[in-house]
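Heads up, the thing below is written out as C-alpha cells.
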Amino acid sequence: MKVTEKDVKYIAALSRLEISEAEMPKFTEQFNQILNYADILQKVDTTGIEPTFSILPLYNVLREDVPQEGVAHEDALKNAPAVHNDGFKVPRVIE
Amino acid sequence: MKLYESTVHELHEQLQNKQLSSVELTKAVYDRIDEVEEKIGAYVTLDKENALAQAAKVDAMIAAGETIKPLAGIPGAIKDNISTKGLRTTCSSHILDNFIPVYDAHVIANLRKDETIFLGKTNMDEFAMGSTTETSYMKKTHNAWNLDCVPGGSSGGSAAAIAAGEAIWSLGSDTGGSIRQPASFNGVVGIKPTYGRVSRYGCVAFASSLDQIGPITRDVTDAAIVLNTICGVDAHDSTSLPVDVPDFTKALRQDVKGLRIGLPKEYFGEGINAKVKEQIMLAVEKYKELGAEIVEVSLPHTEYAVITYYIIAPAEASANLARYDGVRYGYRNKEAKSAPEMTKLSRTEGFGSEVKRRIMLGTYVLSSGYYDAYYKKAMQVRTLIRKDFDEVFRKVDVLLTPTSPVVAYPLDGKMDPLAIYMLDVTTIPVNMAGLPGISIPCGFADGMPVGLQLIGKALDEETLLRAAYTFEQATEFHKAVAPLGGNK
Amino acid sequence: MKNYITVIGLEVHAELKTKTKAFCSCSTEFGAEPNTHVCPVCLGMPGALPVLNKRVVEFAIRAGLALNCDIQKFNKMDRKNYFYPDLAKNYQISQWDEPICLGGHIDIRVNGEKKRIGITRIHMEEDAGKLVHSGLTISTSDYSAVDYNRAGVPLIEIVSEPDMRSAAEARAYMEQLKAILEYTDVCDCKMQEGSLRCDANISVMPEGATEFGTRAEIKNLNSFRALERAIEYEVERQIEIVEDGGHVVQETRTWDDANGVTLSMRSKEEAHDYRYFPEPDLVPVNLDQAWIDEIKATLPELPSARKERLLAEDVPEDNADIIVASKKVADYFDAGTKATKNLKALSNWLIGDVAGFLNAEGIEIDDPEFRITPDHLGELVNLIDKGVLSSKLAKQVFAEMLKGNEAPEALVKKLGLEQVSDAGELGKLVDEVIAANPQSIADFKAGKKKALGFLVGQIMKATHGKANPGMVNKMLMEKLQ
C-alpha cells in the first residue's frame, strides 16, 4: 500500500481539496492502484539519461521591454465573485 | 446530400459562386442542431445571434465581389477549453460555469481574421481530463453511431458534432489522444499537429508540455484547410515554433508510392481488439496496393508510456489548475470565513472527481521525497520514448497504428480509472514525443467506426496528410453517415 | 554565562527597474489605480502564458557582475507552488536549481575592519500582487482586497552566505548592496516603498560550537534601522531560550516595529513543500559570452572603485564610505570636485552640514528643496581656504545658501561678511585692545592663557566676527611677548 487515507488527506490539503469521508476508501484504493502500477518504471534503466525539460529545440525566447495595453480595468474584474475598492475581495487571509 | 453533411471545401466553392448564402448554410446547421442535439448533447453553449450576424457580414462581402478565405462564412464548433472573448467558456466544469473570457485564444483570433463562423462551444471531459466526455459537469455526449455509446474524449463534443452534422468543421485539443481517439470513435478525421505548431495561448492548460489544439473534420482536405489558419508562431506563446506554415492543402496528392510505412509491433499486440486489428490490417493491405512499403519496426519503451503520461500530465495539471481558487473568477463558496477555507471549498465543490484525482496525483509525484522516484524518473523515460521514435524515423517515413485498441464502448461503464487510462496506450506516445498524428476512418467493427492512426516526423504534417488523403480517396469511409441510432 | 556567536544570512529581494513585467507587457509604473496594469497573463486567467522579458535577464546579469558573481550560461525557470490570494496562478515562476548567478561577494567595513561577505546565489522571479487589508493588520481584518498591478513585476533574489556576525555587519552589507544596485541602475532601492526587501535568517551558537544553531527567518524589515533592531531583539530572544535549556523553533517570524519584537507567524504543519518543477511554458535561456561581455562593458564605476578613487584624493576613509553609499551623493560630490581642489573639506561639508539638513528635512540630495549646487558648495570651500570667509561665518553663509540659489561669493558681499585680514587694520585693533585691557595683559603674563582668548574675543566682537582669528591670535602673541 503506497498511501494511507491519512496520506491522501495530507495531499488533498496540499492541493486545497477535500475528499469526503464517504469517498475516501474508494479514492485511496484507486490512488494506490495507480501508484502501484507506477512501479514498473523502476525496471527502466535511466542511467545517464537527461530528463526531458523541454521537447522543443528552442532557446532564448525573449520579449522586448515595451509596454503594451493589457485588459481594461472593467474586464479584469468582469468575472470577479466579489469586488471591493477596485480590488478582488477575499475573506480574511489568515485562518 | 444535406448541407450539414457537406465539407468545407465543397461549401466554400458554393459560397464564393453565390450558389449558397452563408446565412442559409448557418441556419441549416442550426436547424440540424435543433433536430438532433437532444440526442447527441454535443454543445455546452450556442451563439446563434452572433453566428448569423457574422454570416450576414460574409454574404455582404461576397455580394461586394470579394474573394473570401476557405473558412469564411462556414460554421464550425469550438471545444469549450478554447478561450473565446465574450462567449462563455467552461471547460465543461462547474468551477467555470459562468466564466466569460476577456480575450480570444490566438487560434480564435486567426479564425476571426478569416471571417469564419462560430456556432458555439462543444462539450468535453472536464478540463480535458478523460477519454469519454463523461467527466463533463454539463451533460453527457452521445456517439452519433450508437447513442448508447461514448463519443470518446476529451474532445467528444466536437467529434460527435461533426459526425452528426451539427457543425461543418471543429476544433479540439489533444494531450494524450483527445482529438484522435474521439475522431476514431465517431468515424471522422482528427489531427494533433507537431507540438509547437499551433499556439496554446488561450487553450486552457491541462498539461503544458503535451497540449495541442487541432482540427476535427469530415475529411482530410478540411483538416488541412483548418490547419492552414490555426498554425503559426505566436509571440504570446513561448513554446510556439518560429517555423513557416506551408500551404497544407498542397500536400493533398494521391501518391504513396515508395512511402515507407512502419508498423510498430508494440501497437499490434494482445491489448488490441481482434476486430479492430482486422480492420487496420485491411488498411495496411490497401496501402500496399497503393504502392507503399510496409516495414516492421519496434518502439521498445511503449509499455511505459501510459504511466509516464499519468505522472507528467497530472504533475503539470496540478500546478495549471491551482489558479482556480475562487478569487479572480469562477465558482466561489461564499459562506467560507477565510480565504484558505474559501479556496478549499470552492475547489472541492467546483471540481469533479477525475480532476481532483489527477490534481492530487500530480501534487503527490512532485512532493518532497517523491519527486525523484516519480516525476524525474518519468521525465527520463520520456526521453527514452522520444529516442525510440527518432531511431525508427531513420528507417521509415510514417508509422501506422490503430488509433485506439477498441471501438466506442457503452456509456456508464464502471471501469476503474486505471483501466480507462490503459486504453490511451496507442495515442499517448505521440504527445510524449511531440510528434504529429492523424486519425482517419478505416472501417467498422461491431457496427462502430474504427480509426487508423498515422504518426509523422516532427513538422512533417505534409507527409501525414498525403498518406491520409491517398487512403481516404481510395476508399469510401469518409462518406459514411452516422445513423444516430441506439443499441443494436 | 556563555558567550554566543550570532550568525546572520540575508535574503534580499530587489524589484528590477524594467518598463514591463517579467512575463507580460504590462507596465510596471508605480502608483496606478488598482488593477489597471493587468492582463490575462498576470491575472492568471485560463489559457494565459508567460513570455520572458529580455531586460530582466539583462538586469540580472548586470547585478550579478557588479556583485562579483559567476554568471550561469544555462538558465531555466521553475514553478514554485503554494496557495495565496496575491499569487495569481498560485505558483510563482522562479529559479530553483539553476539560478542565473552563483557565488559572489560584497566587501564591508565595520569599525575600521574590512570583511568579505559571500553571496550564495542570485535568481530571477516574479512578484506577487498586493493585499489591502480591511483592518489595521492582517490578523484583525475580516476581508482584504487584492490588487494585481504588482503581480508579475520582476525581482531578483540575492541570497548571502551566513557570514555576518552582528547587526552592524548586516547593516553594512545592506548599505553596500543598496549602493551597488543603485549604481548599476537595476533597482531604485526604496525600502520604504518595497522595491528593496530584506529577510534575515538569524541563529545563535555558543562560542566554540562547530554547528550553527537553528535559525529563524525574520520578515517585514522596512529599513536599515529595523534590520538592526530586529537582529538585536531576536538574538537576545534566542539566547534566552537556549540558556533556559529550550530549543529555537525553525520558523518564520515577523518584525513588529511598533512594539520592537519579533512575532511568530502562524506556522502550519505543512512546512512549505513548494514542489518545484521546470516551467513547461518557457524554454531555457542559453546565454552567450558575447552578451555578458557587452553588459559588463556598460557597468559604471562601482562604489568600491569610486571609494578607491576618493581615497587616492585624500578624502578621509570614513567620509568616503558615507559618500559612495549613495550614488546621488557620490555624483554630487564628483560635481563639486570641479569647483574646488580641497576634497577633504568638501567631503566634510557634505557629510556634516549638508547631511544634517537633508536628514532634518527628510529629503534626498536631488530633491528641489535642497538648493545648494555642487559648484556653490565647492566655492564656499574655496572662500574659506582663501581666507575670505572664516569657517564660523561660513555656517551663516551656508544657511543663506539653503534659502535660495545664490552663489556664496555674492552672499558674502551682500551680508558684508568678508573676513578682515588686513594686517594694518588688525594691527590697529590689536593695539587698541591691549591698551584697553591692562588687567588681561597682566593676567596673561602671569600665566593665565585664557586671557588671550578673552582679548581675541574682544577683537572678534569689535569686528562682528569678521577678523581673521588666526592672524589676530598671532599678532597678539607677538605683541605680548
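Here is the naming used below: chain letters follow the sequence lines, and residue numbers restart at 1 for every chain. As the structure is a computational prediction, the values presented were derived from the model and not from experiment.
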Exercise for review: Provide the closest heavy-atom pair for C/S25 versus A/V66 in the form atom of the first, atom of the second, distance.
Suggested key: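 Nearest pair, atom of C/S25 first, then A/V66: CB-O, 3.7 Å.
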Practice item. Applying salt bridge (charged side-chain N to carboxylate O under 4.0 Å, His left out), name anything that partners C/E217, two or more places apart in sequence or on another chain. Key: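 Only C/K219 meet the salt bridge (charged side-chain N to carboxylate O under 4.0 Å, His left out) criterion with C/E217.
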Review point. For C/R79, what residues pass the salt bridge (charged side-chain N to carboxylate O under 4.0 Å, His left out) criterion, not counting sequence neighbours?
Key: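 C/R79 satisfies salt bridge (charged side-chain N to carboxylate O under 4.0 Å, His left out) with C/E279, C/D281 only.
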Identify which part of [X] has an atom lying under 4.5 Å from any heavy atom of chain A, answering side chain, backbone, both or neither.
X      : answer
C/A32  : neither
C/V57  : side chain
C/F74  : side chain
C/L43  : side chain
C/F23  : backbone
C/Y84  : side chain
C/C24  : backbone
C/K130 : neither
C/P284 : both
C/D147 : neither
C/T18  : both

Review point. Using non-hydrogen atoms only, which part of A/N85 is less than 4.5 Å away from chain C: side chain, backbone, both, or neither?
Key: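 Only the backbone of A/N85 comes within 4.5 Å of chain C.
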Which one, [options], leads in non-hydrogen pairs under 4.5 Å with chain A?
options                      : result
C/L287, C/T36, C/D142        : C/D142
C/A145, C/S144, C/P40        : C/S144
C/L131, C/V283, C/N53, C/D86 : C/N53

**Study point:** Spacing of CZ belonging to C/F59 relative to CG belonging to A/D65, to within rounding of 0.5 Å
**Key:**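 The CG atom of A/D65 is 7.0 Å from CZ of C/F59, to the nearest 0.5 Å.
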Check your understanding: In terms of heavy-atom contacts, does CD of C/Q289 have more than 12 from other residues, nucleotides or ligands at under 6.0 Å?
Key ->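 More than 12 heavy atoms, drawn from other residues, nucleotides or ligands, come within 6.0 Å of this atom.
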Exercise for review: Decide if atom CD of C/E33 counts as having more than 12 heavy atoms of other residues, nucleotides or ligands within a radius under 6.0 Å.
Suggested key: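 Not buried by this count: 12 neighbours or fewer within 6.0 Å.
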Check your understanding: Between A/E64, A/Q68, A/E69, which has the largest tally of heavy atom pairs under 4.5 Å with chain C?
Key ->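 Top count of heavy-atom pairs under 4.5 Å with chain C: A/Q68.
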Point to revise | Side-chain donor/acceptor of A/R92 to backbone N/O of C/S141, under 3.5 Å | key: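 Checked: pair present.
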Exercise for review: Ignoring hydrogens and angles, tell me if any N or O in the side chain of A/H73 forms a donor-acceptor pair with the backbone of C/P34 under 3.5 Å.
Suggested key: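 Checked: pair present.
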Practice item. Give the C-alpha distance, both sets of side-chain angles, the deciding distance and a yes or no for side chain to side chain donor-acceptor pair (under 3.5 Å) between C/N35 and A/D86. Key: CA-CA 7 Å; C/N35 293 303; A/D86 293 321; over 6 Å; no
Review point. Is there any residue in residues 22-30 of chain A with a non-hydrogen atom under 4.5 Å from a non-hydrogen atom of chain C, and which ones are they?
Key: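 Residues qualifying by a heavy atom under 4.5 Å from chain C are absent, so none.
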Point to revise | Residue-level interface, residues 47-63 of chain A with chain C, non-hydrogen cut-off under 4.5 Å | key: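 Heavy-atom contacts from residues 47-63 of chain A to chain C are A/F53, A/S54, A/L56, A/L58, A/Y59, A/N60, A/V61, A/L62, A/R63.
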Practice item. Carefully, step by step, assess C/V146 and A/K89 under the rule side chain to side chain contact (heavy atoms under 4.5 Å, CB included). Key: CA-CA 6 Å; C/V146 196; A/K89 185 176 180 188; over 6 Å; no
